[in-house]
S.K.: 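Below you'll find the structure I mean.
Numbers for residues simply follow the sequence, beginning at 1.
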Amino acid sequence: MVKRITEDLLTSLKLQDRDLSILFVNNKQITELNKRFFHKDYPTNVISFSYMDGLSSEVMGDIVISIERAREEAKSLSIPFHERLFALIIHAVLHILGFDHVNDKNDARRMRYREKRLLIFVTTHPLYVKLIKEFV
């Protein structure tokens, strides 16, 4: 269901002809990637790699998500795990599309707005509603 909802999310962004890979890992694995690519020796929730700049490829990017970290964050935020998981997917997709919440305050504001709108799309998706009902 995660794949199908993500595909529909990409279609809503008019990116249905692009490929996106999502890899789910644990905290140890994402720490290794975070250290290797960003020189940060700690687990993060999501890492994204964009291939959108200057390439005519159908591949838009790769996303790596720590399932452990997503579960921890969902618990601390008192939200369903799947809501946090999709929030991370959305966040990463927006990074792949070029949004930068770290260095650009205007982009950060626009990114938060887009994240909220896209999360509404996901949480009202019929498959998401079905998914949540199965886990309650």
Side-chain angles (χ1 to χ4, degrees):
M1 283 191 209
V2 171
K3 179 182 176 188
R4 177 62 194 275
I5 295 168
T6 303
E7 288 171 346
D8 289 350
L9 176 68
L10 293 177
T11 298
S12 78
L13 294 168
K14 299 183 179 14
L15 296 168
Q16 64 273 8
D17 296 330
R18 295 293 193 123
D19 290 330
L20 175 70
S21 72
I22 302 175
L23 177 65
F24 299 108
V25 298
N26 61 33
N27 281 346
K28 181 181 178 192
Q29 293 166 311
I30 207 159
T31 298
E32 291 171 12
L33 292 171
N34 205 17
K35 188 180 346 181
R36 179 176 175 192
F37 292 102
F38 303 103
H39 311 292
K40 297 176 182 178
D41 192 12
Y42 55 85
T44 187
N45 50 17
V46 63
I47 295 174
S48 59
F49 300 95
S50 178
Y51 311 124
M52 299 285 286
D53 289 339
L55 297 176
S56 61
S57 170
E58 293 177 358
V59 179
M60 64 182 285
D62 296 319
I63 297 173
V64 183
I65 295 175
S66 169
I67 292 295
E68 275 183 80
R69 186 75 176 204
R71 284 194 195 286
E72 294 163 4
E73 291 174 354
K75 186 176 181 179
S76 71
L77 294 168
S78 299
I79 61 172
F81 165 72
H82 287 92
E83 181 178 332
R84 185 64 189 147
L85 181 66
F86 279 106
L88 294 173
I89 290 170
I90 290 165
H91 185 83
V93 166
L94 291 176
H95 273 301
I96 288 170
L97 293 176
F99 283 85
D100 179 6
H101 63 86
V102 177
N103 299 311
D104 186 328
K105 288 183 182 183
N106 287 330
D107 235 17
R109 187 175 33 79
R110 286 190 298 272
M111 188 172 180
R112 278 192 304 275
Y113 174 79
R114 294 288 303 269
E115 285 174 327
K116 287 176 187 176
R117 301 281 298 164
L118 293 172
L119 193 56
I120 290 168
F121 173 86
V122 167
T123 58
T124 58
H125 192 287
L127 289 176
Y128 180 86
V129 172
K130 182 179 178 184
L131 181 67
I132 292 300
K133 285 181 183 177
E134 290 178 7
F135 282 92
V136 172

S.K.: State the CD1-OG distance between Ile22 and Ser48, to the nearest 0.5 angstrom.
M.R.: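 It comes to 11.0 Å.
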S.K.: What's the shortest heavy-atom distance between Ala70 and Arg84, and which atoms?
M.R.: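 Minimum heavy-atom contact is O-CG, 3.6 Å.
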S.K.: Go through the structure and list residues passing side-chain hydrogen bond (donor to acceptor under 3.5 Å, both in side chains) with Arg109, not counting sequence neighbours.
M.R.: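 For Arg109, the residues satisfying side-chain hydrogen bond (donor to acceptor under 3.5 Å, both in side chains) (neighbours in sequence not counted) are Asn106.
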S.K.: With Glu32, which residues qualify under side chain to side chain contact (heavy atoms under 4.5 Å, CB included), at least two apart?
M.R.: Lys28
S.K.: With Asp8, which residues qualify under salt bridge (Lys or Arg N to Asp or Glu O under 4.0 Å), at least two apart?
M.R.: Arg4
S.K.: Mind jotting down which residue pairs meet the side chain to side chain donor-acceptor pair (under 3.5 Å) criterion with at least one end in residues 90-100? Sequence neighbours excluded, please.
M.R.: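 Those involving residues 90-100 are His91-His95, His91-His101, His91-Glu115, His95-His101, Asp100-Asn103.
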S.K.: With Glu7, which residues qualify under side-chain hydrogen bond (donor to acceptor under 3.5 Å, both in side chains), at least two apart?
M.R.: none
S.K.: So Phe86 and Thr123, do their side chains get closer than 4.5 Å, heavy atoms only?
M.R.: no
S.K.: Kindly write out the residues that satisfy side chain to side chain contact (heavy atoms under 4.5 Å, CB included) with Ser12, not counting sequence neighbours, or none if the list is empty.
M.R.: Leu9, Leu118, Phe121
S.K.: Using links of under 4.5 Å between side-chain heavy atoms of ILVMFWY residues, direct or through other members, which residues join Leu77 in one cluster?
M.R.: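 Leu77 clusters with Ile79.
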S.K.: By salt bridge (Lys or Arg N to Asp or Glu O under 4.0 Å), which residues pair with Arg71, not counting sequence neighbours?
M.R.: none
S.K.: Applying side-chain hydrogen bond (donor to acceptor under 3.5 Å, both in side chains), name anything that partners Asp107, two or more places apart in sequence or on another chain.
M.R.: Arg110
S.K.: Show which side-chain atoms of residues 37-46 pair as donor or acceptor with protein atoms under 3.5 Å away, not counting sequence neighbours.
M.R.:
| unit_1 | atom_1 | unit_2 | atom_2 | d |
| --- | --- | --- | --- | --- |
| Asn45 | ND2 | Glu73 | OE1 | 3.2 |
| Asn45 | ND2 | Glu73 | OE2 | 3.2 |

